[in-house]
Amino acid sequence: MTESSAGQGMRLFADAVARVERIGEQAGVDGEVVDQLRRPRATLTSSLEVRMDDGSTRYFTAHRCQYNSVLGPTKGGIRYHPEVSLGEVQALALWMTMKCAVVDLPFGGGKGGVELDPKSLSHLELERLSRAYVRANADFIGPDTDIPAPDVYTNARIMGWMADEYEAIKRVRAPGVITGKPLSMGGSEGREEATGRGAFIVINELANLRGMDPRQTTVAVQGFGNAGYHVALLLQGCGYRVVAVSDSKGGIFSGDGFDIESIYRHKLAEKKLEGVYCDGALCELIDFEQISNEELLELDVDILVPAALAGVIDTHNAAKVRAGIIAEVANGPISGEVDAELHERGVIVLPDVLTNAGGVTVSYFEWLQNRGGYPWSLEKVRARLRDKMIPAFRSVHELVENEGMTYRAAAYVKALRRISEGIAARGTRDYFSSTSE
Ligand code: GLU
């Protein structure tokens, strides 16, 4: 890890805490809650020793943060990325705390990460590293304490290795220790698409409320990973015009809109969007332009969907963003410093803690299925995801309407109030000072 990613991580965490403080204060939320959320409950940092294919040994810094468990066991993904740092993991764990509370899950928030470029490792090295992560954290995680899941650059196969290692260490079957597993290891139908599907539901609800016609609505999606791909696909399936998509190497723009499925197939074959070419009759009619990620964020579209990494919209480009609605499908794509500026310019921000909560919601369903030993059908998972996401959106929307807040402030206030109830149920200062008299 470079010095700068450690510094960036610390700034991200400070920004995340400052946002909770600011919104908590504005909304008059009990100071005890905000105080509790200023720091994580526990973070375990370890050094993973991994045997490489050439016989050498490498060490990778890994973190697991259990941020807050007032509402239940801590829950949140593990990311593999060269820029992972302690501060970033803690910020992400704080956001998971808010996210689980916004969608009324019986979970607190956690997160994990390993500093590495996963693309530089062979499959066998990746397996050894994933198992080493579990060995380091085996007494920290557990089905009733802290439940990991996939995040940036981790997937079902990696979750499968991790579950397998945990079960080998504990000598029990414990599928509920981790979610996002392969189906054959107790994974859930619909988990893969869940983040994108949840985001689609939220975006579509807002668009309906505002009387927007999907066919007249343009969308740009930054990030074409699991979440970005699924949200783009579902929006397009509902008639929205997805005019731009990008991945870490660059993006493409077409005023007529793209066929997401064919772009995805090309990306799988070419490994990058830049290499997208058209081979179908319809495709040949589409004229597209190559654009950078920065240009994508500044496109004049109705809905901008940042679905990659944190901090892509900050003081250096917020003024140039022209979209009327930004749906945060990534975690933390908008820096806290520009919340007010975007609001003043009338930009509606659908916050990450609501918009991308579909992933952890289906993780919760997976955990329930593992505990019940009874798998659900895809239809049931999708229906129950809707049943979680729509009321969550509506309760946030009501706060926006009734208390004149932004969607982010409303989502945070909802989460803070739930956490506050959890704290109050165990006794408040007022309760203890009055009974001790
Ligand atoms: N990594 C996902 C998120 O940031 C999912 C977490 C989970 O399923 O626990 O929401």
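Quick caveat: nothing in here was measured; it's all calculated off a predicted structure. When a ligand or atom number is given, it counts from 1 through the structure's own listing order.
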**OP:** If the plane angle is over 60° it's perpendicular, under 30° parallel, otherwise tilted; pick one for Tyr229 and Tyr264.
**Re:** parallel
Original post:
Gly76 near ligand 1, heavy-atom distance under 4.0 Å?
Top reply: yes
**OP:** Inspect the surroundings of CD in Glu25 and state if more than 12 heavy atoms from other residues, nucleotides or ligands are less than 6.0 Å away.
**Re:** no
Subject >> Protein heavy-atom partner closest to atom 6 (C) of ligand 1 - residue, atom, separation in Å >> reply: Gly77 N, 3.7 Å
Subject >> Element-labelled atoms of ligand 1 that are located less than 4.0 Å from some non-hydrogen atom of Pro150 >> reply: 1 (N), 2 (C), 5 (C)
Original post:
Quick one: does ligand 1 sit under 4.0 Å from the side chain of Arg191, the backbone, both or neither, non-hydrogen atoms only?
Top reply: side chain
Subject >> Nearest non-hydrogen protein atom, atom 7 (C) of ligand 1 >> reply: Ala149 CB, 3.3 Å
Subject >> Polar atom proximity, Lys75 to ligand 1 (N or O, under 3.5 Å) >> reply: yes
Original post:
Do the rings of Tyr153 and His81 sit parallel, tilted or perpendicular, given the 30° and 60° boundaries?
Top reply: parallel
**OP:** State whether a side-chain donor-acceptor pair under 3.5 Å links Asp302 with Thr217.
**Re:** no
**OP:** Under 4.0 Å from a heavy atom of Lys111: give me the atoms of ligand 1 that qualify, with their elements.
**Re:** 1 (N), 3 (C), 4 (O)
**OP:** Using a 4.0 Å heavy-atom cut-off, say whether Leu92 meets ligand 1 through its side chain, its backbone, both or neither.
**Re:** neither
Original post:
Any N or O of Thr179 that comes nearer than 3.5 Å to an N or O of ligand 1?
Top reply: no
Original post:
Looking at Ser363, which atoms of ligand 1 are within less than 4.0 Å of one of its heavy atoms?
Top reply: 7 (C), 8 (O), 9 (O)
Subject >> Minimum side-chain heavy-atom gap Ile326-Ile348 below 4.5 Å >> reply: no
Original post:
Going by the order shown, which atoms of ligand 1 are within less than 4.0 Å of some heavy atom of Lys99?
Top reply: 3 (C), 4 (O), 10 (O)
**OP:** Determine whether the side chains of Thr195 and Asn356 contain a donor N or O and an acceptor N or O closer than 3.5 Å.
**Re:** no
Original post:
Just by distance, with hydrogens left out, do Asn293 and Lys249 show a side-chain donor and acceptor under 3.5 Å apart?
Top reply: no
Subject >> Proximal ligand 1 atoms for Met96, defined as those under 4.0 Å from one of its heavy atoms >> reply: 3 (C), 4 (O), 6 (C), 10 (O)
Subject >> Cation over ring face, Lys99 and Trp95, 6.0 Å, 45° >> reply: no
Original post:
Does Glu366 come within less than 4.0 Å of ligand 1, judged by its heavy atoms?
Top reply: no
Original post:
Do the ring centers of Phe107 and Trp367 come within less than 6.0 Å of each other?
Top reply: yes
